[in-house]
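Everything numeric here is computed off the predicted structure, so don't read it as measured data.
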Amino acid sequence: MLDLAAVPPLDKRSLIGGCLRLPVSIDINRLRAEVDALPAEIWNSQGGRVAVHRDAGAVFLRGYAPKEGDKPIEDRPALDALPYAREIIETKFGSKPLRCLIARLAGGGVVTLHTDIGGYFDRTIRIHVPVISNPRAWMVCASLSYVMVPGEAWALNNSTMHAVWNEHSEPRTHMICDYFATPELLSLLGRGERNLGVRRPDVDAKIGTETKTRMMGG
């Protein structure tokens, strides 16, 4: 139930490119301890997200998945168990948090190629904070592959084609949050590290195969 009429669409290609590492400091040990303490059964749902995320469990901290309908973007009960996560999403990026979730991609799991489409996504900046990951977990965006290390913070251009492959056998967990582009957040983007993506034909092949298979009903 956001009023998006007064919020202009963003040129994310200029602002972010594919993925952009932000100059933000995260106490990863503190954040991971909170996430590790969540009950195991909390990951038994996709949180209402669409089928491209079928390999991933999700816990919404604020708001709901778009598929759930036009529901309020407000704090969800899980956020009460994560005080440091709350501090991060409320204070680190210079903008009030909108939808936020924690997503856990299974070992060997793939989020297939997709673009986030709609007025909300055209007008918001998506931030990823890796909580648990490994050097073989690939974020693919705009045909480049990125490795995101726990404790970092990244802006993702989710208005272009993107995907994930966790080649490792262990799950990969990210905290993900959307924001309007305030001057403070735009300043962070301007100071971020660019050109960190690489071409990975093996990753492209895996993502392409999985995307095609699922489109064909596999």
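Under the disulfide bond (SG atoms under 2.5 Å apart) criterion, C141 pairs with no residue at all, not counting sequence neighbours. Scanning for side chain to side chain contact (heavy atoms under 4.5 Å, CB included) contacts around E184 gives T182, with sequence neighbours left out. Annotation: side chain to side chain contact (heavy atoms under 4.5 Å, CB included) contacts of E41 (sequence neighbours excluded): P39, N44. Residues passing the ring pair (Phe, Tyr, Trp, His ring centres under 6.0 Å) test with H114, sequence neighbours excluded: H53, H162. Applying the salt bridge (charged side-chain N to carboxylate O under 4.0 Å, His left out) criterion to E170, with sequence neighbours excluded, gives no partner residue. Listed by chain and number, the residues in a side chain to side chain contact (heavy atoms under 4.5 Å, CB included) with L113 are M161, A163, I207, T211 (sequence neighbours excluded).
Under the 4.5 Å side-chain heavy-atom criterion for grouping Ile, Leu, Val, Met, Phe, Trp and Tyr, L196 is not connected to V24 through any hydrophobic cluster. Linking ILVMFWY side-chain heavy atoms closer than 4.5 Å, directly or via other members, places L98 and I127 in two distinct hydrophobic clusters.
The shortest side-chain heavy-atom distance between L105 and V111 falls under the 4.5 Å cut-off. Residues R49 and F60 form a side-chain contact, since some pair of their non-hydrogen atoms from C-beta on lies under 4.5 Å apart. Side chains of L38 and W43 form a contact here, defined as non-hydrogen atoms less than 4.5 Å apart. Side-chain contact between R76 and Y64 is present, with heavy atoms from C-beta onward closer than 4.5 Å. Contact annotation: the side chain of V110 never approaches that of V164 to less than 4.5 Å [non-hydrogen atoms, C-beta and beyond]. Looking only at side-chain heavy atoms (C-beta outward), Y146 and W154 come within less than 4.5 Å of each other. Under the 4.5 Å side-chain criterion, counting only non-hydrogen atoms from C-beta, R172 is not in contact with I132. Under the 4.5 Å side-chain criterion, counting only non-hydrogen atoms from C-beta, R54 is in contact with Q46.
Between the side chains of N166 and D55, no donor N or O sits under 3.5 Å from an acceptor N or O.
K92 and S25 get closest at one heavy-atom pair: NZ-O, 3.0 Å. Between C19 and M139, the closest heavy-atom pair is SG-CG, 3.9 Å. Annotation for P150 and S133: closest pair CG-N, 3.6 Å, computed over non-hydrogen atoms. Between I26 and G151, the closest heavy-atom pair is CB-O, 3.3 Å. Minimum heavy-atom separation, A153 to F93: CB-CE2, 3.9 Å.
For residues 5-15, every residue pair satisfying the side-chain hydrogen bond (donor to acceptor under 3.5 Å, both in side chains) rule, not counting sequence neighbours, is listed here: D11-S14, K12-N158, K12-S159. Sequence neighbours left out, not one pair with a member in residues 60-92 passes disulfide (SG to SG under 2.5 Å). Residue pairs meeting the salt bridge (charged side-chain N to carboxylate O under 4.0 Å, His left out) criterion with at least one member in residues 95-116, sequence neighbours excluded: D116-R126. Listed by first and then second residue, the salt bridge (charged side-chain N to carboxylate O under 4.0 Å, His left out) pairs that reach into residues 20-35 are R21-E152, R21-E193, R30-E87, R32-D36, sequence neighbours excluded. For residues 200-210, the side-chain hydrogen bond (donor to acceptor under 3.5 Å, both in side chains) pairs, not counting sequence neighbours, are R200-D202, K206-E210. Among residues at least two apart or in separate chains, disulfide (SG to SG under 2.5 Å) pairs with a member in residues 85-119 are C100-C177.
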Starting from the C-alpha separation in whole Å, work towards a yes-or-no answer on side-chain contact (heavy atoms from CB on, under 4.5 Å) for I102 and I176. CA-CA 6 Å; I102 298 178; I176 304 166; over 6 Å; no

Test M148 against H174 for side-chain contact (heavy atoms from CB on, under 4.5 Å), laying out the working first. CA-CA 10 Å; M148 299 179 174; H174 278 204; 3.7 Å; yes

If you apply the rule side-chain contact (heavy atoms from CB on, under 4.5 Å), what do you find for W165 with T112, and how did you get there? CA-CA 8 Å; W165 177 27; T112 54; over 6 Å; no

Check step by step if side-chain contact (heavy atoms from CB on, under 4.5 Å) holds for R86 and D80. CA-CA 8 Å; R86 180 191 293 275; D80 291 336; 3.2 Å; yes

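Among V35, I89, L31, N29, the single residue meeting the side chain to side chain contact (heavy atoms under 4.5 Å, CB included) criterion with Y84 is L31.
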